[in-house]
Amino acid sequence: MPRIRLLKIDVEGYELAVLEGCKASLSRVDNVIVEVLPESGAAFAAQLARILSAAGFKFSSVTGEAWSPGQALTENNLWASR
């Protein structure tokens, strides 16, 4: 598959493992929506942001508001887009 328009990751706490495993393919992805549960903690969200930022993504909530680690997310979903 040459291009992936949307990758949705909702794996109940294993989001970091999924992102680590697909780092090499993230360059082909236009948008990623990742579930970030509040109980996962700020360090978890910051690590997700580091991985996605290194791959060239910018962040917002799924309703379009800008996001940075530590902020609440609508329905616990982070939208990373190019």
Side-chain angles (χ1 to χ4, degrees):
M1 196 178 295
R3 200 91 207 129
I4 300 166
R5 302 226 21 225
L6 174 65
L7 174 63
K8 171 70 166 112
I9 304 171
D10 182 351
V11 290
E12 305 307 318
Y14 293 95
E15 289 79 9
L16 282 175
V18 170
L19 285 174
E20 288 288 345
C22 73
K23 271 185 186 178
S25 299
L26 286 175
S27 63
R28 298 182 307 139
V29 179
D30 295 329
N31 296 278
V32 179
I33 296 178
V34 183
E35 182 180 47
V36 182
L37 297 174
E39 57 267 21
S40 297
F44 179 86
Q47 183 62 22
L48 286 174
R50 275 192 290 279
I51 292 169
L52 291 167
S53 180
F57 290 94
K58 306 291 183 220
F59 308 108
S60 67
S61 70
V62 292
T63 54
E65 294 87 18
W67 178 86
S68 60
Q71 291 180 301
L73 287 162
T74 304
E75 297 184 19
N76 301 318
N77 286 297
L78 170 62
W79 178 10
S81 61
R82 295 192 182 279

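Sequence positions, counted from 1, serve as the residue numbers for this chain.
Sorted by first and then second residue, the pairs that involve residues 30-82 and meet ring pair (Phe, Tyr, Trp, His ring centres under 6.0 Å), not counting sequence neighbours, are F59-W67. Here side-chain hydrogen bond (donor to acceptor under 3.5 Å, both in side chains) pairs that include residues 7-17, with residues two or more places apart or in two chains, are K8-N77.
Taking each heavy atom of S60 and L78 in turn, the nearest pair found is O-CD1, 3.7 Å.
For K58, there are no side chain to side chain donor-acceptor pair (under 3.5 Å) partners at least two apart in sequence or on another chain. Evaluation of the side-chain contact (heavy atoms from CB on, under 4.5 Å) rule for V18 yields I9, V11 as partners, not counting sequence neighbours. Listed by chain and residue number, T63, E65, L73, T74 satisfy the side-chain contact (heavy atoms from CB on, under 4.5 Å) test with S61 (two or more places apart in sequence, or in another chain).
Separating the CD1 atom in I4 from the OG atom in S27 is a distance of 9.0 Å, to the nearest 0.5 Å. For the atom pair CD1 (I33) and CG (L7), the distance works out to 9.5 Å, reported to the nearest 0.5 Å.
Counting non-hydrogen atoms of neighbouring residues, nucleotides and ligands closer than 6.0 angstrom, the CZ atom of R5 reaches no more than 12 such neighbours. For CD of E75, the number of neighbouring non-hydrogen atoms (other residues, nucleotides, ligands) closer than 6.0 Å is 12 at most.
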For residues 48-56, tabulate all N or O donor-acceptor pairs below 3.5 Å that involve a side-chain atom, not counting sequence neighbours.
| residue | atom | partner | partner atom | Å |
| --- | --- | --- | --- | --- |
| R50 | NE | Q47 | OE1 | 3.0 |
| R50 | NH2 | Q47 | OE1 | 2.8 |

